[in-house]
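First up is the structure itself, then whatever we jot down about it.
Everything quoted here is computed from the prediction, not taken from an experiment. Atom set for the values below is all heavy atoms of this structure, side chains included, hydrogens, waters and symmetry mates excluded.
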Amino acid sequence: LEARGSDGRSQPHRTISDMCDEYADTIIASGPGPHRLLGASYAGLLAVETAERIVQQGGSVDLAVMLDTVMPRQDSWLDRQLRRKRIIRKEGRAGYSYVARDLWRRARVRLGRIRHTPRWYVREITNRPLSAELAGKRLTHVSIEAERGFRPGRYGVRVLYFRALGEDLPLPEGRDEPWRALIEDLDVVDSAGTHWGEGSMLDEPHLTDLCAELNRRLAALDGIGDSS
């Protein structure tokens, strides 16, 4: 599935609900299923939300897979400062490093919006498509805003969660923990590698191991493998 707006011409969806409604309609139209959806990081949220909508519309989904997806937070400024303090207290020097990277990432997002927004509007007004680079940056900013305004519900679909064991994204609680309260059928698998960057779970050799485990789980669903 390709996000609307990635072509540089169409307008991207502004909410996760709108994104997942379109994805669900597209998947349902492709056939009766059962369907299997997978998303890495932020896209894992879209996969599970879309799967739930497919089921609600009478479709069939036997598995949704999340690759180290962090639950969206509705944090106030004070909440963020307290969370950073907990991370530093728990992780020590590594916590300071993470907080510094997080602050720099947030600053880059704001600066990028200031820099690119006029370019987006000029292209739109003059009816010219965005370049692939600008379209990608616009999708990133739209996705960040959509995630901030989204509150996950409860999910009845079966979910397989691959949890990265790397320490590049320390949190006061495990990344999978908040999902346990919302997903009725959640199976967590540890995966070597970090959440992002060099040495991530999607880099080799970790990707090969992840795919092998995923294939084993899918074979078990199909009744042709060992689910133990």
Side-chain angles (χ1 to χ4, degrees), residues 1-31 35-51 53-54 64-73 98 100-150 152 161-162 164 166 168-169 175 191 193-208 210-211 214:
L1 295 172
E2 190 172 78
R4 180 185 288 186
S6 57
D7 59 358
R9 295 182 179 273
S10 56
Q11 286 293 319
H13 289 300
R14 299 289 172 173
T15 68
I16 287 178
S17 293
D18 288 343
M19 294 178 200
C20 295
D21 281 342
E22 181 169 303
Y23 296 155
D25 290 343
T26 300
I27 292 171
I28 290 172
S30 71
H35 302 288
R36 295 165 180 177
L37 287 72
L38 178 148
S41 191
Y42 166 75
L45 169 62
L46 302 182
V48 172
E49 186 69 24
T50 299
R53 288 163 191 262
I54 291 172
V65 182
M66 307 170 83
L67 303 185
D68 211 46
T69 299
V70 178
M71 182 178 289
R73 295 178 178 273
Y98 168 75
R101 293 198 308 271
D102 182 55
L103 290 170
W104 173 235
R105 180 184 62 82
R106 289 176 179 273
R108 287 184 62 189
V109 168
R110 294 190 180 96
L111 291 171
R113 180 178 291 277
I114 293 171
R115 176 187 175 190
H116 297 300
T117 296
R119 301 169 69 189
W120 297 332
Y121 283 124
V122 167
R123 294 288 185 115
E124 185 175 335
I125 291 171
T126 57
N127 199 30
R128 290 186 295 162
L130 299 178
S131 65
E133 179 185 8
L134 277 179
K137 291 182 181 299
R138 182 175 66 172
L139 281 174
T140 297
H141 287 281
V142 167
S143 297
I144 290 172
E145 291 301 319
E147 188 177 18
R148 286 173 180 167
F150 182 74
Y161 188 105
F162 283 88
D168 66 320
L169 192 64
R175 292 191 279 282
S191 179
T194 58
H195 180 86
W196 51 34
E198 185 177 353
S200 80
M201 62 195 306
L202 297 181
D203 288 335
E204 295 294 0
H206 311 313
L207 180 60
T208 295
L210 187 155
C211 290
L214 179 58

Review point. With side chains defined as the heavy atoms from C-beta onward, is the minimum distance between V122 and R128 less than 4.5 Å?
Key: yes
Practice item. List the atom of R123, the atom of P129, and the distance in Å for their closest heavy-atom pair. Key: NH1-O, 2.8 Å
Practice item. Please tell me if the side chains of I27 and L1 come closer than 4.5 Å, counting only heavy atoms from C-beta onward. Key: yes
Practice item. Side-chain contact test, heavy atoms from C-beta onward, threshold under 4.5 Å: evaluate it for S17 versus R53 and give yes or no. Key: yes
Check your understanding: Does some side-chain heavy atom of D18 sit less than 4.5 Å from a side-chain heavy atom of R14?
Key -> no
Review point. Which heavy atom of M19 sits nearest a heavy atom of L46, and at what distance?
Key: SD-CD2, 4.1 Å
Practice item. Identify the heavy atoms of A47 and L38 that sit nearest to each other, and give their distance. Key: CB-C, 3.9 Å
Exercise for review: Please report the closest heavy-atom contact between L202 and A40, naming both atoms and the distance.
Suggested key: CD1-CB, 4.0 Å
**Study point:** Heavy atoms from other residues, nucleotides or ligands near CZ of R115 exceed 12 (cutoff 6.0 Å)
**Key:** no
Revision key, fill the gap. Here the gap from L130 atom CG to E124 atom CD, rounded to the nearest 0.5 Å, amounts to 8.5 Å
Practice item. Output yes when a side-chain donor or acceptor of D203 lies under 3.5 Å from a complementary backbone atom of S200, and no otherwise. Key: yes
**Study point:** Validation row: T69, V48 side chains within 4.5 angstrom (heavy atoms)
**Key:** no
Check your understanding: For S191 and L210, which heavy atoms make the closest approach, and how far apart are they?
Key -> OG-CD1, 3.7 Å
Review point. Atom CZ in R110, atom CZ in R106: separation rounded to 0.5 Å?
Key: 7.0 Å
Practice item. With the side chain counted from C-beta on, respond yes when L45 and F150 share a heavy-atom pair under 4.5 Å apart, and no when they do not. Key: yes
Practice item. Kindly check if the number of other-residue, nucleotide or ligand heavy atoms within 6.0 Å of CZ (R9) is above 12? Key: no
Review point. Where the side chain of S10 meets the backbone of G5, is there a donor-acceptor pair that is under 3.5 Å apart?
Key: yes
Exercise for review: Mind checking the CG-OH spacing from L37 to Y23? Nearest 0.5 Å is all I need.
Suggested key: 11.0 Å
Review point. Can we say R119 and E133 salt-bridge, meaning some charged N sits less than 4.0 Å from an Asp/Glu carboxylate O?
Key: no
Point to revise | Exercise: do S41 and H195 side chains pair donor with acceptor under 3.5 Å | key: yes
Review point. Between CG of D21 and OG1 of T15, what distance do you get to the nearest 0.5 Å?
Key: 7.5 Å
Practice item. Kindly check if the number of other-residue, nucleotide or ligand heavy atoms within 6.0 Å of CD (Q11) is above 12? Key: yes
Practice item. Measure the spacing between CD of E145 and OG1 of T140 and express it to the nearest 0.5 Å. Key: 12.0 Å
Point to revise | Within-4.5 Å side-chain heavy-atom neighbours: V142 and H13 | key: no
Exercise for review: Take L67 and Y161 through the test side chain to side chain contact (heavy atoms under 4.5 Å, CB included) and record every step on the way to the result.
Suggested key: CA-CA 6 Å; L67 303 185; Y161 188 105; over 6 Å; no
Revision key, fill the gap. Rounded to the nearest 0.5 angstrom, the CZ-OG distance for R138 and S6 is 9.5 Å
Point to revise | Which atom of I16 lies closest to which atom of Y42, heavy atoms considered | key: CG1-OH, 3.8 Å
Review point. Could you walk me through whether D102 and R105 pass the side chain to side chain contact (heavy atoms under 4.5 Å, CB included) check?
Key: CA-CA 5 Å; D102 182 55; R105 180 184 62 82; 2.9 Å; yes
Practice item. Please tell me if the side chains of L134 and W120 come closer than 4.5 Å, counting only heavy atoms from C-beta onward. Key: yes
